[in-house]
Amino acid sequence: MARENGGASAMEVDDSKSDPSMQKFSINVLQLLKSAQMQHGLRHGDYTRYRRYCTARLRRLYRSLKFTHGRGRYARKAVTESCVTEVRFLHLVLYTAERAWSHAMEKRQLSDGPNSRQRIHLIGRLRKAVKWATLFSQLCSVKGDSRTSLEAEAYASYMKANLLFEQDRNWDTALMNFKSARAVYEELGKYGDLENQVLCRERVEELEPSIRYCLHKIGESNLQTSEFLHIGEMEGPALDLFKAKLEAVMAEARTQQAASLTEFHWLGHKFPISNAKTRVAILKAQDLEKDLHGPAAESLSSEKRLTVFDKIFAAYNEARSCIRNDLVSAGNAENVKDDLNGLDKAVSALLGQRTIERNQLLVSIAKSKLTKRREEKNEKVTKPEELVRLYDLLLQNTSDLCDLLTSGRDQKPEEAALAEECVLKTLVFQAERCFYLALSYGLAGKRVEAYVLYCRARSLAEEALQRYDSSGSSDEVLQRELKTLHDESRSNSCIEHAKGIMEEVKGPENLSKKISTISLSGTDGKPEKLLEKLDAYESAVGDPSVKGVTHIVAFPPTFEAVPRNPIVLDLAYNCVEFPSLESRMKKDKKGFISRLWR
């Protein structure tokens, strides 16, 4: 049995002791490729990283097999049936096809989409992938066992279908290749170990949308174009070409619908839309909003809803960019400028409303994690401070939206009603923020601050309830939440009040107990000494989180090194012979009379 790094469990060689030309190799193609794709970039859709991995893998295979293309001058060696003596030769062909395919998918993922020149390169790389996949299928039909041959045929059919799918022609042939690959994976999914069955079923599910799209293009399916959006929610590398094609189809459908969208209605206003790009962006945002507020919105998970919100923000920002570009080029036409300013205000207000909805969704996710913090230990714990930060964002969002709605001269009753709703939401968010701020203070042991904040949250909840009753609002869910908040604030304020009284009563007793443990010395290794912390404003009985006993001073004191003056002994002085300096000494001059008394 031959083994290869990275795919030891995915390949085998039958009868290794027989003639090498008669050996039958076994490769679990789908399992091998799926493992390589998930480990090297495609888990996050990074085709550049996967292409680099395939290039490095091929370099290692060429060197280990000593199958290089000459030194100096390039002389290509073809992989034929006669030279396939190891399973790694089949890997050469397979990873070459994967490298070409990943390069094509990398071009497909460009931010602005491939232009005409890049599209030619993309199709060329897909043709190269088809060529190598076909060679891989031919070699496996001779050198591989029956299962490997079937998987290689399915892989080659999948690559051929991808090429025709991208070329947007020969839908009958593309459908036939997709169905051929699906039939093979359906049959292989009935046998083998559990992991292989799961991979085959996943590949069948990934091929299904492409098959339905081909049937739709042929005309044999009654599926509407809008229904493909639900199919595009599936994940997997095999669906990336389908998603790109689906996005192109939806963009074309929006462009056709945009021709009939001449006015934008918002809160009693009618704004004309002359720019085609603005129409397409607004239509895209409206289609996405249907997913959030439609009948199927409850079935969407929180992660998918957040993804839809991000797409809505991108569409509205694109519309605002187009509108402001039109404002720059409008010149001195006052009527056109007024319409564009009104349209910009409407789009900005819609963007603000969706931002508030998204932040409310984040609050609901954080609340669900906050209530489960004791039940699920492995899940990330949500702290009350995170909810306080989210409510700060919501207060800023409602303030910005209210300022935007109250600006302008011609204000409709619908705008005034929406501004009043923003004021009411501000009260609700303030009450919620006070509640969770009080909760954070309570967890920190600050009873007085927590009690005051709970009382403030209760008063804000009462004010918000009175406002809702006077305004005649029919939002029963929000009123129920306010009543719950009011009751919880009242109960928590009583709890904090009781805890504060208990701590005040037991305070002197606890203090006396801690002071009674203070001693001059201790047996623990690092006692806390009060005399060393006189400049720090801390409790005399020490930190409650420290288990050690507080000591006044270390007794007996430890030895300390004392600096002394150095002792200098000049021992070399007596041994040094100094030169004579008499010649340099000044001589006394004596007169004649002084000589007589000498």
Side-chain angles (χ1 to χ4, degrees), residues 356-377 379-399 401-402 420-471 473 475-511 537 539 543-545:
I356 291 173
E357 292 176 4
R358 177 183 178 274
N359 288 337
Q360 285 180 310
L361 177 60
L362 291 175
V363 166
S364 63
I365 295 172
K367 284 183 179 179
S368 64
K369 292 181 180 179
L370 182 69
T371 56
K372 296 180 180 179
R373 64 181 184 274
R374 297 185 181 274
E375 299 174 3
E376 301 178 5
K377 296 182 180 180
E379 192 174 358
K380 183 180 177 182
V381 177
T382 300
K383 297 181 180 179
E385 291 83 355
E386 298 178 14
L387 283 163
V388 172
R389 182 184 59 83
L390 289 174
Y391 278 113
D392 284 335
L393 291 176
L394 282 169
L395 287 171
Q396 185 63 42
N397 297 146
T398 52
S399 176
L401 182 57
C402 188
E420 181 65 23
E421 184 180 350
C422 288
V423 173
L424 293 176
K425 283 185 177 181
T426 301
L427 279 175
V428 176
F429 296 152
Q430 286 177 347
E432 294 273 3
R433 181 183 179 277
C434 278
F435 178 82
Y436 287 104
L437 189 60
L439 183 59
S440 64
Y441 273 108
L443 292 176
K446 298 181 179 180
R447 307 301 175 193
V448 177
E449 292 86 348
Y451 175 76
V452 173
L453 286 169
Y454 278 129
C455 293
R456 176 62 177 164
R458 183 178 63 180
S459 63
L460 288 172
E462 288 178 355
E463 185 180 354
L465 282 171
Q466 292 175 1
R467 285 279 192 97
Y468 267 98
D469 292 338
S470 61
S471 64
S473 176
D475 194 349
E476 297 180 357
V477 177
L478 189 56
Q479 289 184 356
R480 195 181 307 115
E481 290 179 356
L482 279 173
K483 290 179 181 178
T484 304
L485 177 65
H486 177 272
D487 297 339
E488 289 184 355
S489 300
R490 183 175 180 276
S491 60
N492 287 347
S493 64
C494 295
I495 293 172
E496 293 297 331
H497 190 198
K499 286 182 179 180
I501 293 174
M502 291 171 63
E503 290 178 359
E504 185 178 359
V505 170
K506 293 183 178 180
E509 182 181 354
N510 294 333
L511 184 62
Y537 186 76
S539 174
D543 190 358
S545 61

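Side chains included, hydrogens not; waters and symmetry mates left out as well; all remaining heavy atoms used. Worth saying up front: this structure is predicted, and the values here are computed from it rather than measured.
- For the pair Val423/Cys402, a side-chain contact is recorded, criterion being any heavy-atom separation below 4.5 Å from C-beta on.
- No side-chain heavy atom of Tyr441 sits under 4.5 Å from any side-chain heavy atom of Val452.
- The existence of a salt bridge linking Glu504 and Lys499 is excluded, since no basic side-chain nitrogen approaches an acidic carboxylate oxygen closer than 4.0 Å.
- Taking CG of Leu395 as the start and CZ of Arg433 as the end, the distance is 7.0 Å to the nearest 0.5 Å.
- Residues Leu437 and Pro384 are not in side-chain contact: their nearest non-hydrogen atoms beyond the backbone lie 4.5 Å or more apart.
- You'll find the side chain of Leu362 reaches within 4.5 Å of the side chain of Arg358, heavy atoms only.
- Between His486 and Phe435 the shortest side-chain heavy-atom distance does not fall below 4.5 Å.
- Rounding to the nearest 0.5 Å gives a distance of 15.0 Å between NZ of Lys425 and CZ of Arg467.
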Please tabulate, for the side chains in residues 488-498, all donor-acceptor contacts under 3.5 angstrom to protein atoms that are two or more places apart in sequence or on a different chain.
unit_1: Ser489; atom_1: OG; unit_2: Leu485; atom_2: O; d: 2.8
unit_1: Ser491; atom_1: OG; unit_2: Asp487; atom_2: O; d: 3.2
unit_1: Ser491; atom_1: OG; unit_2: Glu488; atom_2: O; d: 3.0
unit_1: Asn492; atom_1: ND2; unit_2: Glu488; atom_2: O; d: 3.4
unit_1: Ser493; atom_1: OG; unit_2: Ser489; atom_2: O; d: 3.2
unit_1: Ser493; atom_1: OG; unit_2: Arg490; atom_2: O; d: 2.6
unit_1: Glu496; atom_1: OE1; unit_2: Arg447; atom_2: NH1; d: 3.1

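- Each of Val428, Leu427, Leu482 was evaluated against Glu463; a single residue qualifies, Leu427, per the side-chain contact (heavy atoms from CB on, under 4.5 Å) test.
- Inter-residue side-chain proximity for Leu394 and Glu432 is flagged as unmet; no heavy-atom pair is nearer than 4.5 Å.
- By the 4.5 Å heavy-atom criterion applied to side chains, Asn359 and Tyr391 are not counted as neighbours.
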